[in-house]
Amino acid sequence: MLNNNQLKAVMANDRFIFLLAGAGTGKTTVIENRVKRLIKEGHNKILLISFTKKSAESLRKRIQTEDKNVVTSTFHGFCYQALKDIYQLEIVTEEQLLVSGFTNHEIKEIDCFKRNNKNNDLVKKYNKYLKENNLLDFTDLEILMLKKMKSDSLFSRRIKSSFDYVFIDEFQDTSEIQYELIKTLKTNNNAFFCVGDPDQSIYSFRGASKKVIDLYIKEFKASLYLLDLNYRSSQEIIRLANNLIKHNINRYGKKLACFIKENGYIDLKYFKNAELKNNYILKEIRILLAKGIKQEEITVLYRNHFVANKLKNCLFETYFERVQFMTIHQAKGLEFKVVFMIGINEGVLPMSQIDIEEERRLMYVGVTRTRRYLYIMVNLEELKPSRFILELFRS
């Protein structure tokens, strides 16, 4: 059963749409129902682009169509399929790079630099290695596709004519190169439906650009639709999330409403040292398990891996192997019954003063991962408590 805003987005006939979809508001349900509506009406030339293979596969399963004209893919997958019969495409693997002497840290740094169109000696060395071995990475693949679309009119017309409807999910994660690619798909007749939440834009280090939403709305003259009813989290958690994110000035005015009536549980704790914190988390996990909550419904979120290493070892020694550990970046798009957020200190989260609004969005993503239980852990050993704590709890 769709709510009013979801139904409006599913049934809208505007040619260009941006759906501003808050955390837990059912954006995938809207995409699924809109695509099914189009297919039912006889429109089957549809392209759906999602940010990860996992989310693209999930969309494909939900739509449940065998029609080959309905294409669900990532940007990279879409580019590869379009170019594979024209060029010899060998995509470099992480294993190849490691064998060639690049470290894990260097590979991440290179990826960050290339996606942001920056250069240094390491990137030059990397590009030289790719060229000598006739290899491409995902960024090269997108650039190659963009060049081909702009330089080969026959190729461009063939690609454009394949799709009457283009859907882009997780639009806030789109890079400037990907946005340029989207623009090359536009014809005089086709329609675009872009979905995203600027408050969850946390991948600038991968080249994602929050400003592409503004550009799309302006350049495509897109209509704005809103999803703001959260079906995931309890009222207490939604209240904290709204309190926090309103401190970002550069954002679309959006306040999440709460569908869930069940009470949530918020626990803010300060610890003098890591051992006290670890013991407290262990004790709380035992209490949660005794309530019938499964280990896999519990996750520990953090900004950086070093914050979690000691706790990880502590938990695994106590046989809590199925309790999940992940960075907030890794958790985006997921949800859990219980979330422990650790390392909520200045210098950790926020880690940087350069883009405090992105750091705040990262905290917001962490808070909105949980359905019922939210634990916020602050270490007083070396660093000050994060400024985000006051923002969370002050209406």
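Residues Glu275 and Tyr280 bring no donor and acceptor atom of their side chains to less than 3.5 Å of each other. Between the side chains of Asn127 and Lys114, at least one donor N or O sits under 3.5 Å from an acceptor N or O. With hydrogens and angles left out, the side-chain atoms of Glu32 and Thr29 include no donor and acceptor closer than 3.5 Å. For the 3.5 Å distance criterion, the side chains of Tyr126 and Asp121 fail to qualify, holding no donor opposite an acceptor.
Atoms NZ and CG, on Lys254 and Asp199 in that order, are 4.0 Å from each other to the nearest 0.5 Å. To the nearest 0.5 angstrom, His76 atom NE2 is 14.0 Å from Gln81 atom CD. For the atom pair Glu180 CD and Ser175 OG, the distance stands at 9.5 Å (nearest 0.5 Å). The CG atom of Leu135 lies 8.0 Å from the CG atom of Leu97; values are rounded to the nearest 0.5 Å. Taken to the nearest 0.5 Å, the CZ atom of Phe271 stands 10.5 Å off from the CD1 atom of Ile342. Here the straight-line distance linking atom OG of Ser156 with atom CE of Met145 works out to 8.5 Å at 0.5 Å rounding.
Comment: Glu346 does not engage Lys384 in a salt bridge, judged by the lack of any side-chain N to carboxylate O separation of less than 4.0 angstrom. Ionic pairing of Glu262 and Arg371 is not present here: no N-O contact between side-chain nitrogen and carboxylate oxygen is shorter than 4.0 angstrom. With respect to the salt-bridge test (charged N to carboxylate O, under 4.0 angstrom), the residues Glu391 and Arg387 do not qualify. No salt bridge links Arg251 with Glu357; every basic N to acidic carboxylate O contact stays at or beyond 4.0 Å. A salt bridge links Lys183 and Glu219; the closest N-O separation between the charged side-chain nitrogens and carboxylate oxygens is under 4.0 Å.
Between Tyr375 and Tyr265, the distance from one ring center to the other falls under 6.0 angstrom. Ring to ring, Phe193 and Tyr165 are not that close: their centroids are 6.0 angstrom or more apart. Two rings, from Tyr225 and Phe18, have their centers 6.0 Å or more apart.
The cationic atom of Lys148 (NZ for Lys, CZ for Arg) lies less than 6.0 Å from the six-membered ring centre of Phe155 and within 45° of the ring axis. Lys291 forms no cation-pi arrangement with Tyr373, by the criterion of a distance under 6.0 Å to the ring centre and an angle within 45° of the ring axis.
Within a 6.0 Å radius of CD in Glu95, other residues, nucleotides and ligands contribute 12 heavy atoms or fewer. By the neighbour-count criterion of 12 heavy atoms within 6.0 Å, atom NZ of Lys8 is sparsely surrounded, having that number or fewer from other residues, nucleotides or ligands. Counting heavy atoms of neighbouring residues, nucleotides and ligands inside a 6.0 Å radius, atom CZ of Phe325 exceeds 12 of them. The local environment of CD in Gln88 is sparse, with at most 12 non-hydrogen atoms from other residues, nucleotides or ligands closer than 6.0 Å.
Using a 4.5 Å heavy-atom threshold, the side chains of Leu181 and Glu142 count as touching.
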Practice task
Go through Gln172 and Phe51 one step at a time and tell me if the side-chain contact (heavy atoms from CB on, under 4.5 Å) criterion holds.
Solution key: CA-CA 10 Å; Gln172 76 281 345; Phe51 196 63; over 6 Å; no
Handout entry: Audit row: Phe167, Val195, side-chain contact (heavy atoms from CB on, under 4.5 Å) steps and yes/no
Key = CA-CA 8 Å; Phe167 288 71; Val195 185; 5.8 Å; no
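Classification of the Tyr203-His329 ring pair by plane angle, with boundaries at 30° and 60°, yields tilted.
For Gln324 (side chain) and Val300 (main-chain N/O), no donor-acceptor pair under 3.5 Å exists by modelled atom type. Checking side-chain atoms of Gln295 against main-chain N and O of Arg322 turns up a donor-acceptor pair under 3.5 Å.
Listed by first then second residue, pairs satisfying side-chain hydrogen bond (donor to acceptor under 3.5 Å, both in side chains) with a partner in residues 228-237 read Asn3-Tyr231, Arg232-Glu335, Ser234-Glu236, not counting sequence neighbours.
Only one option out of Lys54, Lys53, Arg60, Lys61 pairs with Glu57 in a side chain to side chain donor-acceptor pair (under 3.5 Å); it is Arg60.
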